[in-house]
Amino acid sequence: MGSIQITPSILNADFGRLGEEVARIGSADWVHVDVMDNHFVPNLTFGPTMVEALTRSTDVPLDAHLMIEDADSNALAYVEAGCGSVTFHVEAAKAPVRLAREIRAHGARAAMALKPATPVDPYEDLLPELDMLLVMTVEPGFGGQKFLDLCLPKIRRARELMDKHGVETWLQVDGGVSLETIERCAEAGADVFVAGSAVYSADDPDRMVAELRARAEAATA
Ligand code: DX5
Ligand code: ZN
């Protein structure tokens, strides 16, 4: 397991002043950027031009979470926009191995996401191709949803498979992660934590990042 990382999602930040919003989370390890196309999920957010502008507003690296159809044709635009990590959904990728290799070859970390109903076992052999696996803990599309405890066994299983293969793949969770739920995720084996509404509804978002980190670290100590 890698060290604990907190990756706040700006989905619930004020889109009218994103530059200032990312400046409020200076201690975050990554800024999690939710890219939605209104097809893979029923919501629409940013494209590569916006993401490229965001890279110029912060020194924190960007972690793009692509909730888009046809990930194969569109993912590299986010590497070129300057994201340090690009996550595609396996449900939207026609050739996930090729796509992961292309993302790496272009210089970003390659990550693959699983929706709550997608099992991890069929993808065991892909783990060495991935720098991070994202286990969604809500149905993707919106911030502020309730954490799905039914995903915890999959987090545990993913961690077992990573240990079995001896890979250094990070294990990220996304959806409903808060001070109340982060310990469960950390105990199950997650090491990278997305938190959207928990961070941006706090009076001091950066302090919330620190509190989430402390709680996850305590749960795995
Ligand atoms: C949901 C997004 C999440 C979302 C998390 O589809 O992938 O990153 O912003 O928001 P919270 O933490 O509020 O569930
Ligand atoms: Zn996300």
Mind listing the side-chain donor-acceptor pairs of residues 214-221 below 3.5 Å, one per line with the distance, residues two or more places apart or on another chain?
from   : atom 1 : to     : atom 2 : distance (Å)
Arg215 : NH1    : Leu179 : O      : 3.2
Thr220 : OG1    : Ala216 : O      : 3.1
Thr220 : OG1    : Glu217 : O      : 3.2

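- Residues in residues 97-138 take part in no ring-ring contact (aromatic ring centres under 6.0 Å, His included) pair, two or more places apart or across chains.
- Arg98 meets the side chain to side chain donor-acceptor pair (under 3.5 Å) test with no other residue; sequence neighbours excluded.
- Every side chain to side chain donor-acceptor pair (under 3.5 Å) that Glu129 has, sequence neighbours left out, goes to Arg101.
- Looking at residues two or more places apart in sequence or on another chain, you find a salt bridge (Lys or Arg N to Asp or Glu O under 4.0 Å) between Glu21 and Arg17, Arg24.
- With sequence neighbours left out, the side chain to side chain contact (heavy atoms under 4.5 Å, CB included) criterion links Asp72 to Asp70, Ala93, Lys94, Ala95.
- For Asp204, the side chain to side chain contact (heavy atoms under 4.5 Å, CB included) partners at least two apart in sequence or on another chain are Asp206, Arg207.
- Residues meeting the side chain to side chain donor-acceptor pair (under 3.5 Å) test with Arg157, sequence neighbours left out: Asp121, Glu160.
- Shown here is Glu180, whose CD atom has no more than 12 heavy atoms of other residues, nucleotides or ligands within 6.0 Å.
- Legend: residues meeting side chain to side chain contact (heavy atoms under 4.5 Å, CB included) with Ala158, ordered by chain and number and at least two apart, are Val120, Leu133, Leu171.
- Remark: of the listed residues Thr55, Ile25, Asp63, Ile25 is the sole one forming a side chain to side chain contact (heavy atoms under 4.5 Å, CB included) with Val31.
- Taking CD of Glu80 as the start and CD of Glu52 as the end, the distance is 11.5 Å to the nearest 0.5 Å.
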Please step through side chain to side chain contact (heavy atoms under 4.5 Å, CB included) for the pair His32 and Gln172, ending with a clear verdict.
CA-CA 11 Å; His32 182 86; Gln172 185 179 49; 4.0 Å; yes
Acceptor/donor pairs from residues 42-51 side chains to any protein atom, 3.5 angstrom cut, sequence neighbours excluded:
from  : atom 1 : to     : atom 2 : distance (Å)
Asn43 : ND2    : Gly141 : O      : 2.8
Thr45 : OG1    : Asp34  : O      : 2.6
Thr45 : OG1    : Met36  : N      : 2.9

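- In this structure, Asp191 contributes its side chain and Ser3 its backbone to no donor-acceptor pair below 3.5 Å.
- Remark: Glu69 engages no residue in a salt bridge (Lys or Arg N to Asp or Glu O under 4.0 Å) (not counting sequence neighbours).
- Here Lys115 pairs with Phe40, His89, Glu91, Thr118, Glu139, Pro140 under the side chain to side chain contact (heavy atoms under 4.5 Å, CB included) rule; sequence neighbours left out.
- Put simply, CD1 on Ile10 and CG on Leu18 are 5.0 Å apart, with the number rounded to the nearest 0.5 Å.
- Ring geometry, Trp30 versus Trp170: the interplanar angle exceeds 60°, so the pair is classed perpendicular (tilted spans 30 to 60°).
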Worked check of side chain to side chain contact (heavy atoms under 4.5 Å, CB included) between Val60 and Val22:
CA-CA 9 Å; Val60 181; Val22 294; over 6 Å; no
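- For CG of Asp14, the number of neighbouring non-hydrogen atoms (other residues, nucleotides, ligands) closer than 6.0 Å is greater than 12.
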